[in-house]
Structures are given as C-alpha cells and as structure tokens.
Amino acid sequence: MMDSLEEEVSDEYHKGKHDRIVKQLEQRLQDSGLYDTVRHNMEYCNEYRGKYGEVDVIARSGSRYFAFEVKSSIRHYRKAYKQLDRMEHFINDHYTRDCNVFKFFVYGSGKN
C-alpha cells in the first residue's frame, strides 16, 4: 500500500481550458466542505497492473473516493471512461480495497 492520499503532492496548474476546468472543479469541491482531501493533476504508476496515468481531480471523504476525469469537450468521452477505470484500479490497489470509488466524467461546454 502507498502513503495516504493526504501525503500525495499535487502538481501545479497549466495554461489552457483543461486546467481551468480542473481548477474550478477543485475549488468547488474544497468550498463544499464535504471532502477530507482534494488533490489535482497527480501522476501515478500502478506497478501491479503496469499502468501509468494522471488523476485530474481526486477527492476523499471517509472511505469514499471520488475520481474526476476532465476533458475539454465531450468528444473524448470514450478515453475518459478508460482512464476512470484505471484510476479506480489504482485507488483499490494502492490506498485501500475496503472503499467505494465513484467515477465522474467532467467536460467543458462551449468556450466557457
């Protein structure tokens, strides 16, 4: 098992629509007060399954984990679902098997 989610380090934001959405989502989750931990742009390596990836936004509340995959448009939804499945495996393999993982696909609409 890895360190707890609280000990993971989030990367900085980058320019572009994708990270504007990530920043807004993370801010909303933190402002809600419902989550113990919220992290963004966290790279991971699941050595058990040989998969690498990046978590756009992950939040924890008790034994529940919430994984958010952000895309700048809805056109990339198939890739997002595959990435969400990888994130679920990563959470179960590295943090705890006794948790519920909820997966969400977030996308931008229009130019906003």
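Sorted by first then second residue, the salt bridge (Lys or Arg N to Asp or Glu O under 4.0 Å) pairs that include residues 62-74, not counting sequence neighbours, are Glu69-Lys71.
Legend: residues meeting side-chain hydrogen bond (donor to acceptor under 3.5 Å, both in side chains) with Arg75, ordered by chain and number and at least two apart, are Ser73. In this structure, Asn100 has no side-chain hydrogen bond (donor to acceptor under 3.5 Å, both in side chains) partners at least two apart in sequence or on a different chain. The side-chain hydrogen bond (donor to acceptor under 3.5 Å, both in side chains) test applied to Asp31 returns Gln27, not counting sequence neighbours. Residues satisfying the ring-ring contact (aromatic ring centres under 6.0 Å, His included) criterion with Phe66, sequence neighbours excluded, are Tyr35, Phe102. With sequence neighbours excluded, the residues that form a side chain to side chain contact (heavy atoms under 4.5 Å, CB included) with Tyr77 are Tyr81, Phe105.
The shortest side-chain heavy-atom distance between Lys82 and Leu84 does not fall under the 4.5 Å cut-off. Considering only heavy atoms from C-beta on, Ile21 stays 4.5 Å or farther from Tyr107 through its side chain. Between Ile91 and Cys99, the closest side-chain pair of non-hydrogen atoms falls below 4.5 Å. Inter-residue side-chain proximity for Asp56 and Phe68 is flagged as unmet; no heavy-atom pair is nearer than 4.5 Å. Inter-residue side-chain proximity for Val57 and Arg39 is flagged as unmet; no heavy-atom pair is nearer than 4.5 Å.
A donor-acceptor contact shorter than 3.5 Å is absent between the side chain of Ser61 and the backbone of Asp36. A side-chain donor-acceptor contact under 3.5 Å links Arg60 to the backbone of Gly62.
Between the OG1 atom of Thr37 and the CD atom of Gln30 there is a distance of 10.0 Å, given to the nearest 0.5 Å.
Proximity of the aromatic rings of Tyr52 and Tyr44 is defined here by a centroid distance below 6.0 angstrom, and this criterion is not met.
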Would Val101 and Lys103 count as a side-chain contact (heavy atoms from CB on, under 4.5 Å) here? Give the steps. CA-CA 6 Å; Val101 178; Lys103 304 177 286 187; 4.2 Å; yes
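Residue Ile58 is tested with Met87, Met42, His40 for a side chain to side chain contact (heavy atoms under 4.5 Å, CB included); the sole match is Met42.
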